[in-house]
Amino acid sequence: MITNVGILGTGKAIPDYILTNAELEERMDTTDEWITSRTGIKERRIAPPDVAASDLGAIAAKQALDKAGASPEEIDLIIVATITGDMPFPSTACIIQDKIGAINASAFDLSAGCSGFVYGLDVGQNMVRGGYQRVLVIGVDLLSRVTDYEDRSTCVLFGDGAGAAVLGPVAEGYGIISTDIGADGSGAKFLQLPVGGSRNPITPSILANREHYLRMSGNEVFKFAVRVMEDSTERVLEKARIPSKDIAWFIPHQANVRIIRSAAVKLKIPDENLYINVDRYGNTSAASIPIALDEIVEEKGISDGDNILVVGFGAGLTWGSAIIRWGGVMK
Ligand code: ACO
């Protein structure tokens, strides 16, 4: 019999410091009007210098464990979706494993940009089907650490944060009903941090030329995002045999309100079923979907049996979507 795998608890960590459009206006040649009309972003959160991915990830993880009623020792596996881990190695998942005392968990990082959390859900559910009882999936990014605050075309977009979910077996008819993950590596050049790896190790001249920052072809990523969000959500709905009118919450990756609205219109999802928080956090990369999910759980309320559709796109280029039927938690 195939195990049904669902979300048993969620958590998030959002830094306190708010970087507003007004502050960016003072620092560079941009306007609140430009940022708001092109992206929908009004403000974003920035972590203080002494806070790294594992710090935010551990806070989100502890909340998720609490809400799931699970102890750290019960966790079999930790998957951390991130492109801004504490350091190239060891994995941020190992650092978090130690921070939260998940002594029985194996741990690894997953690099799929902003699609990372949905990739993590898919990998995690298969690990539960393979016999694990509790898998912790964390999405965390501090893109402020790899963003050039002299480049107005990228720095207005990103913020820092973390979100987490505990996966485990749930009752029949509940949990992750369908997933669709994919990649198109030919688009790698459109969104990358081209230095700091084995291709271009950091050198003094790279630092002097300010080449150690994220680079993005915004228009190319925009076109890709609109296309894959439509295609991937169609596939995942079809696999689940659920019409879009039966989706209680649509949680798209929070990168740009124009991309979000275009996806919602294509899917005919009305505003009351669409979740948007990009205005408050900007693009938090792998954290965006689990933060939104936790806000819905905490502030909006999800009922047992609600269908949730999540979809992300990001560096790789990658995409991922999933349908989760909420509830079915076994006592
Ligand atoms: N303030 C004022 N003007 C600006 C700013 C700014 N902050 N940034 C760019 N401009 C100017 C440009 O210089 C350009 O001026 P020009 O016409 O004189 O050359 C003009 O605005 C238009 O620029 P475009 O890049 O064409 O603007 P566009 O409408 O495409 O919006 C944006 C740019 C917001 C980046 C959009 O392309 C986008 O959202 N793309 C998707 C990005 C994304 O989602 N990335 C995250 C991927 S997820 C991950 O894995 C991290």
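Quick note: numbers below take in every heavy atom, side chains included, and nothing from hydrogens, waters or symmetry partners. Both ligands and their constituent atoms are indexed starting at 1 by order of listing. For the single chain, residues carry numbers from 1 onward in sequence order.
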K.L.:
Ignoring hydrogens, just give me the one of Arg152, Arg38, His253, Glu220 whose non-hydrogen atom is nearest atom 29 (O) of ligand 1.
P.N.:
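Among Arg152, Arg38, His253, Glu220, the closest heavy atom to atom 29 (O) of ligand 1 comes from Arg38.
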
K.L.:
Considering only heavy atoms, does Asn283 approach ligand 1 within less than 4.0 Å through its side chain, its backbone, both, or neither?
P.N.:
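Looking at Asn283 and ligand 1, just side chain atoms fall under 4.0 Å.
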
K.L.:
Where on Thr30 is there a heavy atom closer than 4.0 Å to ligand 1, on the side chain, on the backbone, on both, or on neither?
P.N.:
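Both backbone and side chain.
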
K.L.:
Taking non-hydrogen atoms only, is Asn256 closer than 4.0 angstrom to ligand 1 via side chain, backbone, both or neither?
P.N.:
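For Asn256, the contact with ligand 1 is made by the side chain alone.
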
K.L.:
For atom 35 (C) of ligand 1, which of Thr39, Leu157, Val226 has the closest heavy atom?
P.N.:
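Comparing heavy atoms across Thr39, Leu157, Val226, the nearest one to atom 35 (C) of ligand 1 lies in Leu157.
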
K.L.:
Which atoms from ligand 1 have a heavy atom of Ala255 less than 4.0 Å away?
P.N.:
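Going through ligand 1 atom by atom, the ones under 4.0 Å from Ala255 are 44 (O).
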
K.L.:
Okay, side chain of Asp32, backbone of Glu25: is any donor-acceptor separation there less than 3.5 Å?
P.N.:
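Answer holds: no.
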
K.L.:
Taking only distance into account, with no hydrogens and no angle test, what donor-acceptor pairs under 3.5 Å do side-chain atoms of residues 105-114 form with protein atoms, sequence neighbours excluded?
P.N.:
from: Ser106; atom 1: OG; to: Asp76; atom 2: O; distance (Å): 3.3
from: Asp109; atom 1: OD1; to: Thr92; atom 2: N; distance (Å): 3.2
from: Asp109; atom 1: OD1; to: Ala93; atom 2: N; distance (Å): 2.8
from: Asp109; atom 1: OD2; to: Thr92; atom 2: N; distance (Å): 2.8

K.L.:
For atom 32 (C) of ligand 1, decide whether some protein heavy-atom distance is shorter than 4.0 Å.
P.N.:
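Protein heavy atom within 4.0 Å of atom 32 (C) of ligand 1: absent.
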
K.L.:
Going through the distances and angles, do Lys67 and Glu298 end up as a salt bridge (Lys or Arg N to Asp or Glu O under 4.0 Å)?
P.N.:
CA-CA 11 Å; Lys67 287 192 227 166; Glu298 288 300 308; 2.8 Å; yes

K.L.:
For ligand 1, note which part of Ala315 has a heavy atom under 4.0 Å away: side chain, backbone, both or neither.
P.N.:
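Both parts.
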
K.L.:
Does the plane of the ring in Tyr275 sit parallel, tilted or perpendicular to the ring in Trp249? Use 30° and 60° as the thresholds.
P.N.:
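Correct class here is perpendicular.
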
K.L.:
Starting from atom 30 (O) of ligand 1, find the nearest protein heavy-atom neighbour and note its residue, name and distance.
P.N.:
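It is Asn219 OD1, 2.6 Å.
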
K.L.:
How far is atom 9 (C) of ligand 1 from the closest protein heavy atom, and which atom is that?
P.N.:
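I find the closest protein heavy atom is Trp34 CZ2, 3.4 Å.
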
K.L.:
Using a strict cut-off of less than 4.0 Å between a Lys/Arg side-chain nitrogen and an Asp/Glu carboxylate oxygen, indicate whether Glu150 and Arg27 qualify as a salt bridge.
P.N.:
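Salt bridge flag = no for Arg27 with Glu150.
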
K.L.:
With a 4.0 Å heavy-atom cut-off (strictly under), which part of Leu191 contacts ligand 1: side chain, backbone, both or neither?
P.N.:
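It is the side chain that gets close, since no backbone atom is under 4.0 Å.
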
K.L.:
Among all protein heavy atoms in this structure, tell me which lies nearest to atom 48 (S) of ligand 1, with the distance rounded to 0.1 Å.
P.N.:
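Here the closest protein heavy atom is Cys114 SG, 2.5 Å.
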
K.L.:
Among protein heavy atoms, which lies nearest atom 40 (N) of ligand 1, and at what distance?
P.N.:
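The closest heavy atom on the protein side is Gly218 O, 3.0 Å.
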
K.L.:
Look up atom 21 (O) of ligand 1 and tell me if a protein heavy atom lies less than 4.0 Å from it?
P.N.:
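Yes, at least one protein heavy atom sits under 4.0 Å from atom 21 (O) of ligand 1.
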
K.L.:
Check whether any protein heavy atom sits under 4.0 Å from atom 14 (C) of ligand 1.
P.N.:
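Not a single protein heavy atom is under 4.0 Å away.
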
K.L.:
Taking atom types as modelled, is there a side-chain donor on Arg134 or Asn104 under 3.5 Å from an acceptor on the other?
P.N.:
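Their side chains do not contain a donor-acceptor pair, so the 3.5 Å distance test is not met.
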
K.L.:
Answer with yes or no whether Met28 contacts ligand 1, where contact means a heavy atom under 4.0 Å from a ligand atom.
P.N.:
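Judged by the 4.0 Å heavy-atom criterion, Met28 does not count as contacting ligand 1.
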
K.L.:
For ligand 1, which atoms have a heavy atom of Phe313 less than 4.0 angstrom away?
P.N.:
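In order of numbering, the contacting atoms are 44 (O), 47 (C), 48 (S).
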
K.L.:
Taking Asp141 for its side chain and Ile83 for its backbone only, find out whether a donor-acceptor pair lies under 3.5 Å.
P.N.:
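Judged by distance alone, yes, a pair lies under 3.5 Å.
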
K.L.:
If the condition is ring-ring contact (aromatic ring centres under 6.0 Å, His included), which residues does Phe313 pass it with, not counting sequence neighbours?
P.N.:
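So Phe313 forms a ring-ring contact (aromatic ring centres under 6.0 Å, His included) with His253.
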
K.L.:
In terms of atom number and element, which parts of ligand 1 are under 4.0 angstrom from non-hydrogen atoms of Gly314?
P.N.:
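In order of number, 48 (S), 49 (C), 50 (O).
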
